[in-house]
Amino acid sequence: MRKSQKLMLASLLLAVIAIFTVAPTLSWLSSTSTPVVNTFAGGAISIKLDEALVGTDGKAIKGENARRVTSNSYKYVAGTVLDKDPTPTVLKGSEECYVFLFVENGLTDKFTINYDTVSWLKVAESKEKTIYVYSKKVNASGSSSDIVLDPIFTTITVSPDLTAEDIAKMGERTLSVTAYAVQTNSLTVQAAVDLAVEQFLPGISADDYPVVGQ
């Protein structure tokens with residue numbers, strides 16, 4: 001082999017060795033982003049219903065002994081006005097909802113109830129059973145506190161014409177109120193009414209109660 005060829009071969013070997021020696025020290029330009037983390041959790045609706053504690057006279061107890069309860073007992077006397085304020089509360093963090101009250105009124109026409117017909121709209125009725133919907137949507141999802149709604153009524157007035165015979169005939173009567181809430185998301189108020197009717201008055205036809213607007 002000629003001397004010039006030997007020198008050329010030696011030069012090529014040195015170049016290959018240089019490539020394999022230097023290459024691992026090279027670095028590529030790169031960048032890594034901060035991860036985008038999406039957390040999914042189910043929403044919820046929580047409500048409660050209570051009323052003021054009353055004394056033996058049927059009047060709400062005031063002062064340090066005042067508190068909210070889920071039941072009261074009353075003695076009715078002709079001409080008396082009894083305190084009763086069933087009040088629903090949507091608890092903080094609850095999703096936007098339609099709120100309903102289902103009233104089962106076992107009293108007779110000797111009792112007059114002062115219904116709030118502005119805040120609560122009657123949507124369905126069957127005999128002594130009535131469903132009311134709150135006039136506004138309620139959203140507590142971003143609230144730091146519970147949202148207390150208007151009571152559906154505050155007093156029950158006993159007729160001054162009530163007689164001992166009426167009392168004996170009536171015996172013991174009950175008046176109960178139940179709260180119910182349905183999400184607004186993906187539901188019209190009419191669809192929510194239909195669900196409330198299905199819940200409390202399942203035997204009633206859709207033709208028997210009015211269509212409710214938004």
Side-chain angles (χ1 to χ4, degrees), residues 33-54 60-61 66-72 83-106 113-156 174-214:
S33 73
T34 301
V36 174
V37 179
N38 298 296
T39 302
F40 295 84
I45 297 174
S46 297
I47 58 173
K48 69 176 182 177
L49 181 70
D50 58 24
E51 61 187 19
L53 176 67
V54 302
I61 296 175
R67 58 190 176 92
R68 306 294 294 180
V69 297
T70 56
S71 66
N72 273 304
D83 290 338
K84 188 174 181 66
D85 64 339
T87 303
T89 299
V90 179
L91 304 187
K92 62 183 178 181
S94 294
E95 299 298 319
E96 185 179 71
C97 58
Y98 302 107
V99 179
F100 296 86
L101 288 179
F102 175 54
V103 180
E104 296 178 274
N105 184 4
I113 302 175
N114 69 333
Y115 283 97
D116 179 349
T117 57
V118 175
S119 297
W120 294 96
L121 310 177
K122 183 188 295 187
V123 294
E125 185 175 28
S126 178
K127 297 181 180 179
E128 74 281 359
K129 300 177 181 181
T130 311
I131 299 173
Y132 297 85
V133 65
Y134 198 60
S135 58
K136 302 175 183 177
K137 298 176 182 179
V138 183
N139 190 354
S141 61
S143 178
S144 60
S145 58
D146 300 338
I147 299 178
V148 181
L149 308 187
D150 299 321
I152 189 168
F153 50 79
T154 55
T155 62
I156 300 173
T174 60
L175 171 64
S176 68
V177 182
T178 305
Y180 177 71
V182 182
Q183 69 180 59
T184 62
N185 187 32
S186 302
L187 284 179
T188 64
V189 65
Q190 185 59 50
V193 168
D194 293 341
L195 289 174
V197 170
E198 183 180 347
Q199 174 76 15
F200 296 110
L201 300 173
I204 189 173
S205 167
D207 296 331
D208 296 330
Y209 58 91
V211 174
V212 180
Q214 290 284 6

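Rounding to the nearest 0.5 angstrom, the gap separating the OH atom in Y180 from the CG atom in L195 is 5.0 Å. Atoms OH and CH2, on Y134 and W120 in that order, are 7.0 Å from each other to the nearest 0.5 Å. One distance of note links SG of C97 with CG of N139; it measures 8.0 Å at 0.5 Å rounding. Interatomic distance, S94 OG to I147 CD1, rounded to the nearest 0.5 Å: 8.5 Å. To the nearest 0.5 Å, the span separating CG on L149 from OG1 on T89 amounts to 6.5 Å. Here L101 contributes atom CG and S119 contributes atom OG; the two are 11.0 Å apart, rounded to the nearest 0.5 Å.
Side-chain atoms of T188 come within 3.5 Å of backbone N or O of A191 as a donor-acceptor pair. With D85 contributing its side chain and P151 its backbone, the two residues share no donor-acceptor pair below 3.5 Å. Remark: the backbone N or O of S145 is paired with a side-chain donor or acceptor of S143 at under 3.5 angstrom. Between the side chain of N185 and the backbone N or O of E96 there is no donor-acceptor pair closer than 3.5 Å. With hydrogens and angles disregarded, no donor-acceptor distance shorter than 3.5 Å links the side chain of N72 to the backbone of K84. The closest donor-acceptor contact from the side chain of Y98 to the backbone of L187 lies under 3.5 Å.
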Side chain to side chain contact (heavy atoms under 4.5 Å, CB included) between L175 and F153, worked out: CA-CA 12 Å; L175 171 64; F153 50 79; 3.9 Å; yes
Are V148 and T87 close enough, and set up right, to give a side chain to side chain contact (heavy atoms under 4.5 Å, CB included), and what steps lead you there? CA-CA 7 Å; V148 181; T87 303; 3.5 Å; yes
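Aromatic ring centres of Y132 and Y115 lie closer together than 6.0 Å.
By the 4.5 Å heavy-atom criterion applied to side chains, D146 and V90 are not counted as neighbours. At least one side-chain heavy atom of E51 sits under 4.5 Å from a side-chain heavy atom of V69. Looking at heavy atoms from C-beta onward, I152 lies out of side-chain contact with D116 at the 4.5 angstrom threshold. Within the 4.5 Å cutoff, the side chain of T178 has no heavy atoms near those of the L49 side chain. Residues S46 and K48 are not in side-chain contact: their nearest non-hydrogen atoms beyond the backbone lie 4.5 Å or more apart.
Within 6.0 Å of the CD atom in E104, the count of heavy atoms belonging to other residues, nucleotides or ligands exceeds 12.
The nearest pair of heavy atoms linking I131 to F100 is CG2-CD2, 3.9 Å. Of all heavy-atom pairs between I45 and Q183, the closest is CD1-N, 3.6 Å. In this structure, E125 and K122 approach most closely via the heavy-atom pair OE1-NZ, 3.4 Å. Across all their heavy atoms, V99 and P88 have their closest contact at CG1-CB, 4.5 Å.
A salt bridge between R67 and D50 is absent, with no side-chain N of the basic residue lying under 4.0 Å from a carboxylate O of the acidic one.
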